[in-house]
Amino acid sequence: MKEEKLSLLQRCIKWREANIKEKQFILILSFLVGIFTAFAALILKFFIHQIQNFLTDNFNVTQANYLYLVYPVVGIFLAGWFVRNIVKDDISHGVTKILYAISRRQGRIKRHNIWSSIIASAITIGFGGSVGAEAPIVLTGSAIGSNLGSVFKMEHRTLMLLVGCGAAGAVAGIFKAPIAGLVFTLEVLMIDLTMSSLLPLLISAVTAATVSYITTGTEAMFKFHLDQAFELERIPYVILLGIFCGLVSLYFTRAMNSVEGVFGKLNNPYKKLAFGGVMLSVLIFLFPPLYGEGYDTIELLLNGTSTAEWDTVMNNSMFYGYGNLLLVYLMLIILLKVFASSATNGGGGCGGIFAPSLYLGCIAGFVFSHFSNDFTFSAYLPEKNFALMGMAGVMSGVMHAPLTGVFLIAELTGGYDLFLPLMIVSVSSYLTIIAFEPHSIYSMRLAKKGQLITHHKDKAVLTLMKMENVVEKDFVVVHPEMDLGELVKAIAASHRNVFPVTDKKTGELLGIVLLDDIRNIMFRQELYHRFTVNKLMTSAPAKIFDTDGMEQVMQTFDDTKAWNLPVVDEEGRYEGFVSKSKIFNSYRQVLVHFSED
């Protein structure tokens with residue numbers, strides 16, 4: 001039966017190759033990716049809401065609810081158990097995984113990511129994990145694109161494009177934001193923008209958004225009504241809000257990296273669960289708005305018009321009825337949200353930072369405007385407008401993606417009337433954070449390893465090049481105890497002018513022998529037994545490790561001015577040589593392939 005299925009697939013592939021051109025088939029695949037990704041997003045949202053409603057429907061809004069101390073721990077325990085025992089693979093940091101797949105795995109994402117992130121994040125967020133569903137669904141969408149392309153034996157450049165189509169479809173489907181889906185893929189995943197890539201990305205994004213419109217209605221995800229039009233005299237305050245959002249983004253990024261570093265030092269998953277569970281449950285008990293994605297709080301701040309409405313953000317907590325503490329309450333949430341999100345993922349849960357950045361931005365914009373209105377004599381700043389702008393500001397800062405912030409917030413809320421201030425806030429926030437952090441929270445892990453594709457064409461091509469493809473292994477190896485006569489025999493059997501010297505037992509690289517250095521004595525037979533390789537060898541100008549990125553390799557060549565350098569593993573064992581000419585040839589091939597339109 002299995003052979004019949006395989007043969008049927010082979011026949012389909014052959015029929016496709018004979019009847020449908022590759023460019024047209026990529027458009028068909030991008031359409032399918034859009035449909036599948038949209039339904040995956042709908043399924044995830046459905047599960048999250050069902051779990052949340054079942055657990056919290058009977059909560060008393062006028063007092064603290066002690067089940068907040070229990071649910072989050074249960075959620076991250078179940079999600080962690082599922083990942084360790086069922087999936088048996090790391091599925092956290094979804095967008096970072098996609099960036100890694102694009103830069104190092106040539107667009108290949110493991111098949112389980114199609115379903116594993118949906119289950120793990122639904123459990124995590126439904127039980128109160130303070131993270132978002134968007135990064136898991138982006139990973140799911142990219143996995144759908146990658147594996148659909150793999151089924152039809154598409155080349156790696158097409159797989160990378162289909163990964164981008166999946167990401168674009170995921171953002172478009174879950175937010176009903178097709179433009180934001182396209183821009184996110186170009187800005188955050190850094191898919192190269194050509195006409196051949198633009199059309200598939202558009203098809204996936206529009207298809208996914210259309211499926212969401214058909215199934216959930218045409219209303220924007222967050223209802224927003226512009227009560228007060230934007231006035232030009234508020235531009236200075238908008239710029240200040242952008243700077244404030246940039247600083248909030250910087251705090252969020254650095255605090256999250258620090259807390260994740262603490263969790264990274266805990267080797268036992270149950271220690272992580274205990275530490276993360278206690279931190280998360282206590283924070284949610286004290287500040288119930290930290291429960292789940294936090295979209296109810298965003299809805300409230302975007303639509304509330306009076307202090308009485310805004311005070312309901314303190315429902316279900318021990319702060320209920322203390323309206324005079326609203327600003328303090330919200331500022332504490334800004335400070336503590338990063339700990340709740342980090343504890344969720346660090347403790348074993350699964351989720352992303354899309355929702356936390358939107359959530360923080362909304363609260364930051366509200367606090368900024370409310371504080372200004374209460375304690376300064378400046379012009380009146382409409383809280384709901386500034387809450388909306390804050391969402392764009394923090395998202396732009398955290399993701400280093402100002403265009404994504406602008407278009408996503410405009411499409412999420414239908415707030416196109418505030419397009420100019422959204423752009424001002426996003427740019428101000430982005431310029432603020434890049435003064436301190438050159439890479440986004442997604443890409444900094446890969447950037448440190450030199451594995452990040454960028455919009456810089458040379459760096460992008462070097463990142464796509466693999467060390468194993470440029471290492472040459474046809475060099476004749478010699479050993480230090482060999483005499484000159486044996487070395488001459490090795491030279492006669494080789495067409496190279498460099499000879500690696502290794503330890504006979506361990507294979508460790510000890511040095512190199514250059515033909516030019518021994519040319520004057522190699523034909524004097526009376527010296528054949530007088531000199532050994534140990535006396536004739538010299539140290540290599542530098543050693544390249546097999547884990548080095550190509551950009552680092554090129555930097556080593558520039559520093560040493562060498563044309564050939566030996567490659568060793570982490571323990572110093574010889575593996576081969578890399579030559580400048582080989583790298584240049586590979587570079588030209590990848591550049592042509594990478595840039596084909």
Side-chain angles (χ1 to χ4, degrees), residues 12 16 20-46 94-95 97-98 101-102 107-109 111 113-115 117-118 121 133-152 154 157-221 352 354 403-404 407-408 410-412:
C12 289
R16 193 281 300 172
I20 305 176
K21 293 181 179 178
E22 184 168 335
K23 286 188 177 181
Q24 281 74 35
F25 189 63
I26 291 172
L27 300 184
I28 295 172
L29 289 179
S30 64
F31 174 73
L32 294 175
V33 168
I35 292 176
F36 295 148
T37 303
F39 278 112
L42 291 169
I43 291 169
L44 176 56
K45 282 290 189 183
F46 172 79
V95 176
K97 276 191 165 304
I98 299 169
I102 292 173
R108 299 187 185 277
I109 299 177
R111 189 165 295 175
N113 289 120
I114 294 174
W115 53 269
S117 295
I118 293 178
S121 59
E134 294 75 24
I137 204 62
V138 168
L139 178 57
T140 297
S142 295
I144 290 172
S146 174
N147 285 281
L148 192 60
S150 296
V151 165
F152 289 98
M154 308 304 286
R157 192 166 59 94
T158 303
L159 289 184
M160 289 167 61
L161 177 56
L162 291 172
V163 165
C165 288
V171 173
I174 204 164
F175 287 127
K176 298 183 185 176
I179 301 175
L182 172 66
V183 173
F184 169 82
T185 305
L186 300 176
E187 224 178 4
V188 177
L189 300 188
M190 290 169 278
I191 298 293
D192 201 36
L193 181 59
T194 62
M195 283 308 297
S196 62
S197 64
L198 183 60
L199 192 54
L201 292 173
L202 271 173
I203 290 174
S204 290
V206 171
T207 302
T210 302
V211 171
S212 291
Y213 281 133
I214 293 171
T215 52
T216 63
T218 58
E219 300 86 7
M221 184 171 172
F354 258 96
L403 286 175
T404 302
F407 284 105
L408 180 60
E411 290 184 294
L412 265 179

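When reading the values below, keep in mind they use all heavy atoms of this one structure, side chains included, and skip hydrogens, waters and symmetry mates.
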Rounded distance (nearest 0.5 Å) linking atom [atom1] of [X] with atom [atom2] of [Y]:
X    : Y    : atom1 : atom2 : result
T158 : K23  : OG1   : NZ    : 11.0 Å
T140 : W115 : OG1   : CH2   : 11.0 Å
T37  : I174 : OG1   : CD1   : 11.0 Å
I28  : I20  : CD1   : CD1   : 4.5 Å
L29  : E22  : CG    : CD    : 9.5 Å
T404 : I179 : OG1   : CD1   : 12.0 Å

Give the ring-plane orientation class for F152 versus F25, where under 30° counts as parallel, over 60° as perpendicular and anything between as tilted.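 Correct class here is perpendicular.
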
Please tell me whether F175 and F184 form a close aromatic pair, meaning their ring centres lie under 6.0 Å apart.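 Ring centres of F184 and F175 not closer than 6.0 Å.
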
Show the nearest heavy-atom pair for residues [X] and [Y], with the distance to one decimal.
X    : Y    : value
S204 : C165 : OG-CB, 3.2 Å
L201 : A168 : O-CB, 4.2 Å
A143 : I109 : CB-CG2, 3.8 Å
E411 : A180 : OE1-N, 2.8 Å
A208 : A38  : O-CB, 3.5 Å
V138 : A167 : CG1-CB, 3.8 Å

Test side-chain contact (heavy atoms from CB on, under 4.5 Å) on L148 and L162; report intermediate values, then the result. CA-CA 8 Å; L148 192 60; L162 291 172; 5.6 Å; no

Do [X] and [Y] touch side chain to side chain, with heavy atoms closer than 4.5 Å?
X    : Y    : result
F407 : L182 : no
L199 : I203 : yes
L408 : F354 : yes
L159 : R108 : yes

Would you kindly say whether K45 and T216 are connected by a side-chain donor-acceptor distance under 3.5 Å? no

Around atom CZ of F31, are there more than 12 heavy atoms from other residues, nucleotides or ligands closer than 6.0 Å? no

Side-chain donor/acceptor of K176 to backbone N/O of Y213, under 3.5 Å: no

